Amino acid sequence: MCTGLCKENATLDTGCPPVGRTRPVAIFRFVQSNLTALRVSADASAADAQYSGLRDLLSAEWQSLTPIRGKMTGEPLKLDDRQRDVIKWTCTAGPGLLTRYAPGDFIVWLRLQPENEKSGRLDLGLLRKPQNDSDIGEGHETWVPLIKNVSSLQIRYFDPQLNVWVDRWSNAFKLPRLVKLTVGRPGASLPWEAIIPLGRTPWP
């Protein structure tokens, strides 16, 4: 018989679970949160790399154009309250056509297009068609998606004569000095923007 607390039966009631039980749970939650953070960071890095690649591709292509042969034009377009501007130019095989072996000249459009007929998601890509294609319709057109799932595309052109940004470029025999792309991204608080110089000009 024990006259006081028996050590072998004594317990300490602190209202907290035993340390041995909480440690695995805490470790699991720590690892889980860090894996989630790493996955989000990796996804963001992959997205940034996509947009950097888009900027480099368009820079290389547009800076190689000549005013007469390039025939660049651009039109503002809005559908279903989404900005879906389109820019068009003419080129031979190379970066803008995403092939080295296509013969002749092609007309290329940078635009948004639905992922498929039943989808509401939009992809940013290049639509290509032979310049001398006499067929009416989409028989010889090819679509190359560059970035999946974007919400909008706004294109502006810097006119050095007016010293302003304009939303339309209609002079096919003169290249704009700068082209600004603004791409809306679902889930992102801010759009992606890039200003691509087509000629050597002071920054506006």
Side-chain angles (χ1 to χ4, degrees), residues 31-65 70 72-89 91 94-99 106-129 138 141-159 164-170 175-199 201 203-204:
V31 172
Q32 187 180 45
S33 63
N34 278 273
L35 287 175
T36 300
L38 287 172
R39 184 167 58 251
V40 171
S41 177
D43 291 343
S45 297
D48 290 342
Q50 278 188 314
Y51 285 98
S52 295
L54 173 66
R55 182 190 61 239
D56 294 343
L57 170 69
L58 295 177
S59 296
E61 170 63 11
W62 290 348
Q63 290 171 4
S64 71
L65 299 178
M72 178 177 284
T73 58
E75 293 290 333
L77 180 64
K78 198 169 187 178
L79 294 174
D80 300 326
D81 292 328
R82 291 187 181 186
Q83 199 73 33
R84 295 173 59 173
D85 296 351
V86 179
I87 184 171
K88 179 179 74 171
W89 66 94
C91 68
L97 205 58
L98 296 179
T99 179
F106 279 71
I107 301 173
V108 184
W109 293 264
L110 177 71
R111 54 178 286 182
L112 300 185
Q113 188 162 299
E115 185 179 37
N116 54 59
E117 293 181 356
K118 299 181 180 180
S119 175
R121 291 176 51 171
L122 296 173
D123 295 340
L124 174 62
L126 300 177
L127 182 67
R128 312 172 301 182
K129 184 176 182 178
E138 302 178 356
E141 292 181 352
T142 55
W143 168 251
V144 182
L146 300 176
I147 297 181
K148 297 282 190 177
N149 192 25
V150 303
S151 57
S152 63
L153 172 63
Q154 182 187 82
I155 306 175
R156 295 293 181 262
Y157 312 87
F158 184 74
D159 189 330
V164 295
W165 291 97
V166 295
D167 63 359
R168 175 182 283 104
W169 194 261
S170 55
L175 294 173
R177 288 296 183 180
L178 303 167
V179 176
K180 178 166 66 174
L181 302 175
T182 304
V183 181
R185 301 174 291 178
S189 58
L190 296 173
W192 176 82
E193 288 190 348
I195 297 178
I196 299 174
L198 277 71
T201 183
W203 198 261

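We count residues from 1, following the sequence as given. The structure presented is a predicted model; accordingly, all values stated were derived computationally and were not measured.
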State which residues pass side chain to side chain donor-acceptor pair (under 3.5 Å) with [X]; sequence neighbours excluded, sorted by chain then number.
X: R111; answer: none
X: Q154; answer: none
X: R82; answer: none

Excluding sequence neighbours, so at least two apart, what forms side-chain contact (heavy atoms from CB on, under 4.5 Å) with [X]?
X: T73; value: K88, A172
X: D56; value: none
X: N116; value: K118, S119
X: A188; value: R185

Taking atom [atom1] of [X] and atom [atom2] of [Y], what is their separation to the nearest 0.5 Å?
X: L124; Y: S152; atom1: CG; atom2: OG; answer: 10.5 Å
X: I195; Y: R177; atom1: CD1; atom2: CZ; answer: 15.5 Å
X: L146; Y: L57; atom1: CG; atom2: CG; answer: 6.5 Å
X: E141; Y: I107; atom1: CD; atom2: CD1; answer: 9.5 Å
X: I155; Y: L77; atom1: CD1; atom2: CG; answer: 10.0 Å
X: Q113; Y: R121; atom1: CD; atom2: CZ; answer: 14.5 Å

**Report entry** Under 3.5 Å: donor-acceptor pair, side chain of D123, backbone of N149
**Finding:** yes

Counterpart residues, salt bridge (Lys or Arg N to Asp or Glu O under 4.0 Å), relative to [X] (two or more places apart):
X: D159; value: none
X: K78; value: none
X: R84; value: none
X: E193; value: none

Query raised in the report: Where do F106 and K129 land on the side chain to side chain contact (heavy atoms under 4.5 Å, CB included) test, with the steps shown first?
Result: CA-CA 6 Å; F106 279 71; K129 184 176 182 178; 5.6 Å; no

Report task. Check whether the side chains of W89 and E61 place a donor and an acceptor atom closer than 3.5 Å, and report yes or no. Result -> yes

Requested in this report: Could you please spell out the steps behind the side chain to side chain contact (heavy atoms under 4.5 Å, CB included) verdict for S151 and L122?
Outcome: CA-CA 6 Å; S151 57; L122 296 173; over 6 Å; no

Determine whether [X] and [Y] make a side-chain contact, defined as any pair of heavy atoms from C-beta on separated by less than 4.5 Å.
X: W165; Y: K180; answer: yes
X: L178; Y: I196; answer: no
X: L198; Y: P176; answer: yes
X: P191; Y: V183; answer: no
X: L110; Y: L58; answer: yes
X: W192; Y: L54; answer: yes
X: L112; Y: V150; answer: yes

Contact summary for [X] and [Y], nearest pair of heavy atoms:
X: P76; Y: D85; value: CA-OD1, 3.3 Å
X: V179; Y: W62; value: CG1-CZ3, 3.6 Å
X: Y157; Y: E75; value: OH-N, 4.2 Å

Query raised in the report: Do M72 and L65 pass the side chain to side chain contact (heavy atoms under 4.5 Å, CB included) test, and can you show the C-alpha distance, the side-chain angles, and the key distance before you say yes or no?
Result: CA-CA 9 Å; M72 178 177 284; L65 299 178; 3.9 Å; yes

Report task. Using ring pair (Phe, Tyr, Trp, His ring centres under 6.0 Å) as the criterion, list what pairs up with W109, not counting sequence neighbours. Result -> none

